[in-house]
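Remember, it's a predicted structure, so these values are computed and weren't measured experimentally. Side-chain atoms are counted along with the backbone in the values below, which use heavy atoms only and exclude waters and symmetry mates.
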Amino acid sequence: MSGAAEIIVLIVVSLVASLGAGLGTGLAGLSAAAVIAPMLATFLGVNTYEAVAIALASDILASAVSAFVYAKNKNIDIKNGLLMMACVLVFCVIGTFVGLLFPQKAMGILSIFGTTFIGLKFIIFPEKEGKEPKQRSKKMKIILSIAVGCIIGFQCGFVGIGGGMLMLFALNMLLGYELKKAVGTSVFIMSVTALTGSVGHFALIGIANSGASVPSWLSNAISQTAGAGSIGMKTWQEWAILGICIVFTMVFAQVAAIFANKVNKRIQNLATGITLTVLGVVMLVFQIVTFLAAKG
């Protein structure tokens with residue numbers, strides 16, 4: 001493939017990843033990393049750990065601008081989301097370091113099926129206008145917030161994906177948040193979570209590139225993560241991918257968030273369901289393509 005063709009492929013893949021991630025974030029509260037990371041790894045050959053770092057960095061502003069739009073429309077419950085956010089942040093850091101100790105081949109098959117499942121739920125069993133989801137007791141909300149926060153945080157740090165999908169499920173179906181408020185609260189938490197996860201990933205990438213003396217366990221873990229290649233933003237292509245994904249994921253997320261807050265519940269249910277279902281199916285195809293390529 002010629003240099004010009006490689007540049008075109010890089011731009012197209014980055015833009016398509018940003019489009020899917022932005023729509024998923026602004027419309028359904030899905031983590032941008034759920035789309036960007038597998039696409040970069042599958043189609044551009046970016047090291048998986050590095051792809052997660054780029055995806056999390058793209059998630060920061062995308063989730064933040066989406067949260068701002070939902071907050072303007074009074075569709076964020078910050079007070080009740082703080083406990084979950086605290087658990088998410090702590091376990092996101094833990095998951096980031098644990099992620100170095102395991103091969104980074106799998107991209108969260110369970111969360112891919114989960115994304116598809118929740119998407120079908122909003123299409124087949126949508127929330128009805130004027131009907132609020134079932135409310136939980138205060139004690140049950142606290143227990144569920146802690147449990148779900150720990151699980152989401154660890155998974156987000158470990159594989160960089162699944163946080164937004166699990167958050168939407170927990171807030172809407174377990175804690176009884178109305179769909180718009182569930183998405184708004186989810187993207188608020190995800191913006192802080194993505195910041196934490198991104199800093200952790202890039203810090204470890206920086207350590208890998210610095211040549212500094214580090215404990216043997218960390219050095220071995222970094223070598224294992226790198227595999228046959230190396231991790232680190234060492235080429236202009238990697239910086240171009242990062243820039244494109246950050247800017248355009250943010251733009252598409254804001255457009256999707258504005259749309260979601262303008263439409264009625266029936267349309268948002270349908271749009272959310274279609275978005276999640278399509279993204280879930282597409283990501284599953286990515287996994288199949290990666291598996292077949294490895295076998296071939």
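Residues Ser18 and Cys245 approach most closely at OG-CA, 3.3 Å, considering heavy atoms. Of all heavy-atom pairs spanning Phe259 and Ala271, the tightest one is CE2-CB, 4.1 Å. Shortest non-hydrogen contact noted between Leu44 and Ser14 is CD1-OG, 4.1 Å. Minimum heavy-atom separation, Gly22 to Ala256: O-CB, 4.0 Å. Shortest non-hydrogen contact noted between Glu178 and Asn172 is C-ND2, 4.1 Å. For the residue pair Ala194 and Leu56, the shortest heavy atom distance occurs at CB-O, 3.5 Å.
Taking CD of Glu238 as the reference point, atom CG of Leu40 lies at 10.5 Å (rounded to 0.5 Å). A distance of 5.0 Å separates CG of Asp59 from OG1 of Thr25, quoted to the nearest 0.5 Å. Expressed to the nearest 0.5 Å, how far CD1 of Ile246 lies from CD1 of Ile54 amounts to 8.5 Å. With values rounded to the nearest 0.5 angstrom, Ile60 atom CD1 is found 11.5 Å from Thr249 atom OG1. The CE atom of Met84 sits 10.5 Å away from atom CG of Asp77, with the distance rounded to the nearest 0.5 Å. Rounding to the nearest 0.5 angstrom, the gap separating the CD1 atom in Ile151 from the SG atom in Cys87 is 10.5 Å.
In the hydrophobic cluster analysis, where Ile, Leu, Val, Met, Phe, Trp and Tyr join through side-chain heavy atoms closer than 4.5 angstrom, Ile244 is grouped together with Val46. By the criterion of side-chain heavy atoms lying less than 4.5 angstrom apart, applied directly or through intervening Ile, Leu, Val, Met, Phe, Trp or Tyr residues, Leu83 is not grouped with Met85; the two fall into different hydrophobic clusters. Under the 4.5 Å side-chain heavy-atom criterion for Ile, Leu, Val, Met, Phe, Trp and Tyr, Val278 and Ile123 are members of the same hydrophobic cluster. Ile258 and Ile274 end up in different hydrophobic clusters when Ile, Leu, Val, Met, Phe, Trp and Tyr side chains are linked at under 4.5 Å. There is no path of hydrophobic side-chain contacts, each under 4.5 Å, that joins Leu27 to Val183.
Under the rule for a side-chain contact (heavy atoms from CB on, under 4.5 Å), the partners of Ala17 that lie at least two apart in sequence or sit in another chain are Ile36, Met39.
Between the side chain of Asn261 and the main chain of Ala257, a donor-acceptor pair closer than 3.5 Å is present. Without hydrogens or angle criteria, Asn73 side chain to Asn75 main chain gives no donor-acceptor distance under 3.5 Å. Between the Tyr70 side chain and the Ser186 main chain, no donor and acceptor come within less than 3.5 Å of each other.
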